[in-house]
Amino acid sequence: MASILDGLNPNQRKAAEHIDGPLLILAGAGSGKTKTLTTRLSYLIGEVGIDPFNTLTLTFTNKAAAEMRERALGMIENRSSTPPLLCTFHKFGLLFLKFHIEKLGRKNNFVIIDSDDKKRLLRAIVKELKIEDLNISFLASEISKYKNSLLTPDVAIKKAELEDYRKVAKVYSAYQSNIEENNLVDFDDLLMLTYRILDENSKLRVEVSNRYRYIMVDEYQDTNELQLKLLEHLSSEHNNLCVVGDDDQSIYGWRGANIRNILDFAETFTDAKTVKLETNYRSTEQILEAANKLIEHNSGRIGKKLESHIGAGPKVNLQHSLDEVHESRAIAREIQELLSKGVDSKDIAVLYRINALSRSLEEGFTKEKLNFKLIGGMRFYERAEIKDIISYFRVLANQNDDFSLLRIINKPKRGIGKASVGKIHKLADENRLSIYDTIISTKESDMVSLVGKKVTNAFKKVVADIKLLQSEVERSIYDFVSLFEDTIGLKDYYAHLVDGQDRVLNMDEFYGYFRDAIKKNPDLTLEEFLNDISLQSEQDQVEGESVTIMSIHAAKGLEFEYLYVIGLEEEFFPLLGDGCNMEEERRLGYVAITRAKRHLTLCYVDSRFYKGRRKMIDKSRFLGESGLIESTSLKITKSSAYKRGDLVKHKIFGIGRVQESNKASGGYKLLINFGGNKKEILSSFVQPI
DNA sequence: TGGGTCACGGTTTTT
DNA sequence: CCGTGACCCA
């Protein structure tokens, strides 16, 4: 009898056929990971006879979820029953909390805030608490770490020993009370609160685990501590957890992903089976040889070797240029030639380690009249004009959302300044009311004496507008957008700014999207719409009519016939610096190389213009490690000579000035004056400033 | 209140 | 070099 498993190779088949007990599918780049996973899901449902209702498949991005859904559903013949739940971790958290957040004493009409909102809120809190010496991004990521380690603010404060961490914990505490008061949840909460509820309610945990009897996780190497704990709870009753990942492609450590999750899978889940997928259907032998050689320099790995299914192929090219201008011109001209030979531009991409390198490409490509598409940069929902609309919508969904109200209270300009906002904010805090309710309940005469007649009127107008719009939302959510623009006039406001035209176009796109969503689902509430879009990102428009340029991170999961990787230089790639994790840099190199199907060009330059100055750089150690050039002798951190008077920085001695410089093996022997304290130090131990 | 100038600092990014 | 936030004055 024909089976859907027939299309798989022996190892893929072994993985798909595995039914009960934990399974780790170690899937190398291009080894048919998605195919195996989707085939397994449809096999379980279509041939083993498992109810789709009892499966759960988790991914990291909406894009991956959408792709897998399409492919799996395409294979399942009888689609009469409920489709299997296949979504992102965060979406799962959202669905779960909609049903169960009451168990934490919270209402389920919460709204999700994104990282941008989080930072804005933190900025306000830091100001209020007068702790202004802490970096906002640092705070945001520390709070994220707290939540992912399940530390409550109280515990965090108690455990904090260093002064700085007491401050961080205090901000965390204020932040958490603030979002709880406004009934907001951040991305981490979607997972953290879900975990907490399951952890505290054993009956529910058993019930939920029994419901999701077959769990699959994609990109397992990217899971963090909390996601692992969540998975342990979800699979506690049956242990049927199947994860797919590649330890060599773990490139999100800086964001909390814990590579140990995949390395230790077999120990964490007893009796786990491991299946390795090492046949690569994407790239040539030449390309895979470079990738394999490079990644072998890492020590913390399970270990596997990709074998090409498509044969030798052409040699990997190296391109050496004087600087970034020559580099981008050379690439542009080569691409032009490919295009003239009939190569499809969507089969060509250029990758880089840091976004700053995109600039020279953009300039060079424009000069050479080469069409390109840049992936990354400002995301749609994070544009100021879109966030303004979203903030209005949020206030309409929940007038107690002070945070959103504050963003739009003087947008468009109503003559309400910082001072007036501060006064009303203070009054609201004293009365333990939201700002909206404070404006409504404060006597007009009191308000006038507080902020003056003009501002009082402006406040009253905002509240009246919001009331009007709320009733319109109830009447017809579809028509409400036009009244919204008539009443608020956000488009007019933006139209008069310098880049107004683009912004108005964006706003129209957003309104169109909103109307579309309502048309598709007339029962959609504003609140549901808001939560849906906050879990969405529109990075799925990669395929197009032009050459793509993007970061290596953004290219994960993609493949290109012709691939260029630029910036293969020490400092840029591997990117050296404080938190440099060389093994992760190398994995990033591995990911970059394995995006290429047949033609790979690695580019490096002698000097690059960066942060306002020109820097001399050496070629990347990765070129040697992947066997593409004779292994270079030890790296010299600075290739141009140090001379008397140069300022340098030493990890222990701090900043000093070079007094003497002599060539020595592997660099320079320097006599440095650290504030009167003279030391003889090798140049490899200092950084030029 | 809000426009203008100045100093500072600057990886990778999804949800 | 270029964008952001703090600060100052009309």
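Lettering follows sequence order; numbering is per chain, from 1. Just so you know, these numbers use all the heavy atoms, side chains as well, and skip hydrogens, waters and symmetry mates.
As rounded to whole Å, 8 Å separates atom C1' of dT15(B) from atom CZ of Arg255(A). Atoms CG (Asn224(A)) and C1' (dT14(B)) sit 12 Å apart, rounded to a whole Å. Note: NZ (Lys413(A)) to P (dG2(B)) measures 6 Å, nearest angstrom. Rounded to a whole Å, the NZ atom of Lys615(A) is 11 Å from the C1' atom of dG10(B). Between Ile533(A) atom CD1 and dT15(B) atom C1' there is a gap of 13 Å when expressed in whole angstrom units. Look at CD on Glu219(A): it is 14 Å from C1' on dT13(B), rounded to the nearest Å. In this structure, CD of Glu571(A) is placed 14 Å from C1' of dG10(B), rounded to the nearest angstrom. Note: CE (Met550(A)) to P (dT14(B)) measures 12 Å, nearest angstrom.
Under the 4.0 Å criterion applied to side-chain N and carboxylate O atoms, Asp199(A) and Lys229(A) are not assigned as salt-bridge partners. In this structure, Asp248(A) does not pair ionically with Arg587(A), as no charged nitrogen and carboxylate oxygen lie closer than 4.0 Å.
Listed nucleotides: dT13(B), dT1(B), dG2(B). Nearest to the side chain of Asn410(A): dG2(B). Taking the side chain of His90(A) as heavy atoms from C-beta on, and the options dT11(B), dT1(B), dT15(B), the nearest nucleotide is dT15(B).
Using a 4.0 Å heavy-atom criterion, one finds that Gly417(A) contacts the sugar-phosphate atoms exclusively. Looking at heavy-atom distances under 4.0 Å, Ser115(A) makes contact with a base. Residue Phe89(A) is classed as having no contact, given no heavy-atom separation below 4.0 Å to the nucleic acid. Among the protein residues, Glu585(A) comes within range of the nucleic acid bases, having at least one heavy atom under 4.0 Å from a base atom. Across all strands, Asp188(A) comes closer than 4.0 Å to no nucleic acid atom at all (heavy-atom distances). Within 4.0 Å of Arg123(A), counting heavy atoms only, lie sugar-phosphate atoms of the nucleic acid but no base atom.
Stacking of the aromatic ring of Trp254(A) onto the base of dT12(B) is found: the ring centres lie under 5.5 Å apart and the planes are inclined by under 30°.
For the residue pair Gly256(A) and Asn224(A), the shortest heavy atom distance occurs at O-CB, 3.1 Å.
Between Arg586(A) and Phe622(A), the closest side-chain pair of non-hydrogen atoms falls below 4.5 Å.
Residue Lys611(A) is the one, among Lys418(A) and Lys611(A), whose nearest nucleotide of DNA chain C lies closer to the 5' end (criterion: closest heavy atom). Residues Ala419(A) and Tyr252(A) each lie close to DNA chain B; by heavy-atom proximity, the contact nearer the 5' end of the strand is made by Ala419(A).
A close approach under 4.0 Å does not occur between any side-chain nitrogen or oxygen of Arg359(A) and OP1 or OP2 of dC2(C). Within the structure, every side-chain polar atom (N or O) of Asn62(A) is placed at least 4.0 Å from both OP1 and OP2 of dT14(B). OP1 and OP2 of dT15(B) both lie 4.0 Å or more from every side-chain N or O belonging to Ser534(A). Taking side-chain N and O atoms only, Ser551(A) has no distance below 4.0 Å to OP1 or OP2 of dT11(B). Contact between the side-chain N/O atoms of Asn135(A) and the OP1/OP2 oxygens of dG9(B) is not found at any separation under 4.0 Å. Put simply, Asn355(A) has no side-chain N or O that comes within less than 4.0 Å of OP1 or OP2 on dG10(B).
Looking at Thr88(A), its side chain has no donor and acceptor atom pair within 3.5 Å of the base of dT14(B).
Side-chain atoms of Thr59(A) come within 3.5 Å of backbone N or O of Thr61(A) as a donor-acceptor pair. Side-chain atoms of Asn182(A) do not come within 3.5 Å of backbone N or O of Leu184(A) as any donor-acceptor pair.
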